[in-house]
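Supplied in structure tokens, the structure appears directly below.
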Amino acid sequence: MERVDGRRFDELRPIKIEAGVLKRADGSCYIEWGKNKIYAAVYGPKKVLPRHLEKDDRAILRCRYNMAPFSVEERKRPGPDRRAVEIGKVMQGALEPAILMHYYPKSMIEISVEVVQANAGTRCAGITAVSVALADAGIPMRDLVPSCAAGKVDGQVILDLAKEEDNSGEADMPVAIIPRLNQITLLQMDGKLTEQEVEQAITLAMQGCQQVYQLQIDALRRKYAGAEYE
Amino acid sequence: MHYEENMRVLNMSEILPLIRKEYLISLAKEGKREDERALDEYRPLDIRVNVVDKAEGSALVSLGGTMVFAGIKVDVGEPYPDTPEDGVMITGAELIPMAAPDFEAGPPGEEAVEVARVVDRGIRESKALDTKALCVRENELVRLVFVDLHVMDYDGNLIDACGVAAMSALATCQMPVLDENDKPTEERLPLPVHDLAVPCTFVKLGDSLLLDPSLDEEKALDSRITVATDQEHHVCAMQKSNIGGFSLEEVMHAVRVSTARGEEIRGLMKEAMK
Amino acid sequence: MIYANNKDLVVPGMLLAEGDYINEDGTHKDKGKIYASVVGICYVDHRKIRVVALEGKYIPKSGDTIIGVVTGERLSGWTVDINSPYNASLSQRDIHVGRFDTLKVGDLISAKIVKVTETFDISLYAKRPHGRLNEGILVEIHSSRVPRLIGRRGSMIKLIKEKTGSIISVGQNGLVWIRGGNEELAAQACQMVDREAHIPGLTDRVSGFLSR
């Protein structure tokens, strides 16, 4: 089967990850994933506002996903829509299980993802970038969280759908995992798949996540290359 | 250039410790700044254009640690009734929570609205954008030019960073040519841009005027003034902001410095747009 | 079984050891295996394993000396921002000398953390009158790099003090107050330690910088 950009069925788009790109944020990351260009920032742990959200035994995590008005074909009106709110929520569910939340009772970790150029798969790229930004902020975690989608196009289960494939495809399934725990922490799907295809797609996406995981580790190692205490 | 780019900012609280404010004022009194700049010197300014291919025009500007995207989208719509032959420019700025620990999500606040309006005014009044050339049919259909400013990192002086980003994105914007049914085609045409307006912002610390304030200089400020100039060295927009005042001499000093520095910045913009 | 080498750069989730090892700061244990929790340098000392974080916020500990900013006045004392996820409080009772009315919002103080409760209610004790720091300059560094600024038995900070003639007070929370002598030079030296803390040969570079 020939894909629009000539990739194999199990091949990711080119991915470039850079840790620590923003000055104000406690941790940050820039990711280029195919034609997606996305920034992730982490603030915290910090004081909880509004105060009533405070938990006595753990930190709380707040996630915000936003698209710049010029990031898509048709200008997007500024501010969150229902899609952005939902993505914020599933991102939280994907990332929180990896964070050692009980280390920082009564505090808050704020995460934001800003998409400046979108081309299918922004939530997976966003989660991948946030996870690197969390590590860059020094937040203790069980593991990094890589993310990647699989889907079905022209009857074939394939990895990491590009925009054209997503538009014409039969199904799309974004997945995130905690590799060390072998747990799936993001799973969404739209389209139609048989039981067998579901298993194929999840397996393929998890393999993709393992490749993304390696790129996350490399990005962090690059930032601190040569680090050593006397 | 001695500017120390890696200097950390105090992110801890919005309250600037009093001794920091006193320190910045005492430095300024001697004509010095914490990052070793002269009082009328910009931080390193980096301009990159055509950075977002979904936008018809775009720019990424870094001014010290401040980082801003500008993206242009061109659409068609009805003109305003009082200007039936003019295209419409709509400028918006978002100070997103990514950019600073105290920026809140939600509709633009006072600060964001002021940034967008001052940037808009400089460009509009310089007549940089030929709105008459953006008329498709009088009274009926004109081009709508959306300028969206997306502040990613806030390290002081948003107005100048946003102004340079917006102007650079407009000047390199390629809008789609319309077919006979007013639908956009694949063909592209540059926006009719004939000038490069540049805003220069100063803060007053004690009795000194400091160009391009850093974050803490801005937090310590008594008041702020912005002067936008065009390539003929006309002043095309001004804005005094915050509490505090300026003498006539101070305003004229700001105007003179803005004219000179504006020209240098225009040079950097042209270099980036080559 | 040990998987990490001493002084390895590690990232969260990396397996460091399994079996009969004791996990300390910057690591966590799961089903008998020890993993890194943060980006940092791994230290193996006999059976003890820890990771010194390269980033991260200051977490208050009882006994630490900190520098903070007064952010609020209350009936019985002050709220102090100590550059951490938690505010601290300084009670009038816990100020050594009288004259309680002189601390105000924006003042910088040096204080000792006397108590941190399980839910991070933090009480301070200020030794000098109000612990207020007047004049001088304030520098922020990563709290994780404070040990580097102090140096082995205080060697680094002693070097900077001697070469600049400044009085320097280093808070465990990463705030550094400098007064007198060549304040700017001292501040630059502190920032150099912060920036280059993880690059070998730091003492020589700082010494070279100060002798220039």
Side-chain angles (χ1 to χ4, degrees), chain A residues 19-20 25-28 42-48 51 54-60 98-100 102-109 131-146 177-181 213-214 216-230, chain C residues 6-15 25-31 33 35-43 51-59 71 79 81-87 117-122 142-145 147-148 151-152 155-156 196-204:
Chain A
D26 294 316
S28 61
V42 172
Y43 284 96
K46 56 192 262 190
K47 289 149 200 122
V48 182
R51 195 74 189 271
E54 201 172 275
K55 295 247 194 307
D56 270 348
D57 58 341
R58 59 204 306 269
I60 61 164
I99 303 172
L100 294 159
H102 57 280
Y103 277 36
Y104 301 111
K106 288 167 91 174
S107 77
M108 165 169 84
I109 300 167
S131 181
V132 172
L134 282 163
D136 182 46
I139 298 203
M141 293 185 287
R142 296 186 173 86
D143 203 353
L144 300 172
V145 182
I177 63 169
I178 301 177
R180 164 168 112 48
L181 304 175
Y213 185 47
Q214 206 50 55
Q216 291 175 308
I217 293 171
D218 292 347
L220 288 167
R221 285 181 166 277
R222 247 191 334 271
K223 180 176 173 189
Y224 297 103
E228 192 187 297
Y229 281 90
E230 284 157 62
Chain C
N6 197 31
K7 296 191 176 181
D8 268 1
L9 172 66
V10 297
V11 303
M14 202 167 273
L15 179 60
D25 285 356
T27 67
H28 62 278
K29 208 167 191 172
D30 191 6
K31 298 194 181 95
K33 294 179 177 172
Y35 300 90
S37 313
V38 291
V39 179
I41 310 293
C42 178
Y43 286 92
V51 173
V52 174
L54 290 167
E55 304 284 350
K57 286 271 154 102
Y58 169 68
I59 300 304
T71 56
T79 308
D81 187 328
I82 56 168
N83 198 23
S84 100
Y86 312 101
N87 276 330
T117 67
E118 258 176 43
T119 53
F120 284 102
D121 291 320
I122 298 154
H142 289 81
S143 63
S144 58
R145 297 174 196 173
R148 299 292 296 122
R152 209 167 282 140
S155 57
M156 180 72 83
E196 303 181 12
H198 54 273
I199 304 169
L202 182 66
T203 311
D204 290 345

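Sequence lines set the chain letters: A, B, ... in the order given, protein chains first and strands last, and positions in each chain run from 1.
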Option that, when pairs with chain A are counted at under 4.5 Å, heavy atom only, ranks first among C/V11, C/V10, C/V39: C/V39

Partner chain A: residue of C/S37, C/G40, C/G56 with the largest heavy-atom pair count (under 4.5 Å): C/S37

Could you tell me whether a side-chain N or O of C/Y86 sits under 3.5 Å from a main-chain N or O of A/S107, the two making a donor and an acceptor? no

Is it the side chain or the backbone of C/Y35 that comes within 4.5 Å of chain A heavy atoms, both, or neither? side chain

Contact class of C/E196 relative to chain A, heavy atoms under 4.5 angstrom: neither

What are the two closest heavy atoms between C/E55 and A/A137, and how far apart are they? CB-C, 3.9 Å

Neighbour count >12 (heavy atoms, 6.0 Å) for atom CG, C/D25: no

According to side chain to side chain donor-acceptor pair (under 3.5 Å), who are the partners of A/Y213, at least two apart in sequence or on a separate chain? A/D143

Note, C/D121 side chain near A/K106 side chain (heavy atom, < 4.5 Å): yes

Of the backbone (N, CA, C, O) and the side chain (C-beta and beyond), which part of A/L100 lies under 4.5 Å from a heavy atom of chain C, both, or neither? side chain

Can you tell me how far OH of A/Y224 sits from CG of C/L9, rounded to the nearest 0.5 angstrom? 9.0 Å

So for A/R142, is it side chain, backbone, both, or neither that comes closer than 4.5 Å to the heavy atoms of chain C? both

A quick test of your reading: do over 12 heavy atoms of other residues, nucleotides or ligands sit less than 6.0 Å from NZ of C/K33? no

For A/D136, which atoms come within 4.5 Å of any heavy atom of chain C: side chain, backbone, both, or neither? both

Heavy-atom proximity to chain C below 4.5 Å, by part of A/A135: both

Any non-hydrogen side-chain atom of C/D30 less than 4.5 Å from a side-chain atom of A/R180? yes

Which atoms of C/N87 come close to chain A, meaning under 4.5 Å heavy atom to heavy atom: side chain ones, backbone ones, both, or neither? both

Report the distance from atom OG of C/S84 to atom NZ of A/K47, rounding to the nearest 0.5 Å. 6.0 Å

Answer with side chain, backbone, both or neither: which region of C/I59 has an atom nearer than 4.5 Å to a non-hydrogen atom of chain A? side chain

Residues in ring-ring contact (aromatic ring centres under 6.0 Å, His included) contact with C/Y58, at least two apart in sequence or another chain: none

So, the part of A/L134 with a heavy atom under 4.5 Å from chain C: the answer is neither

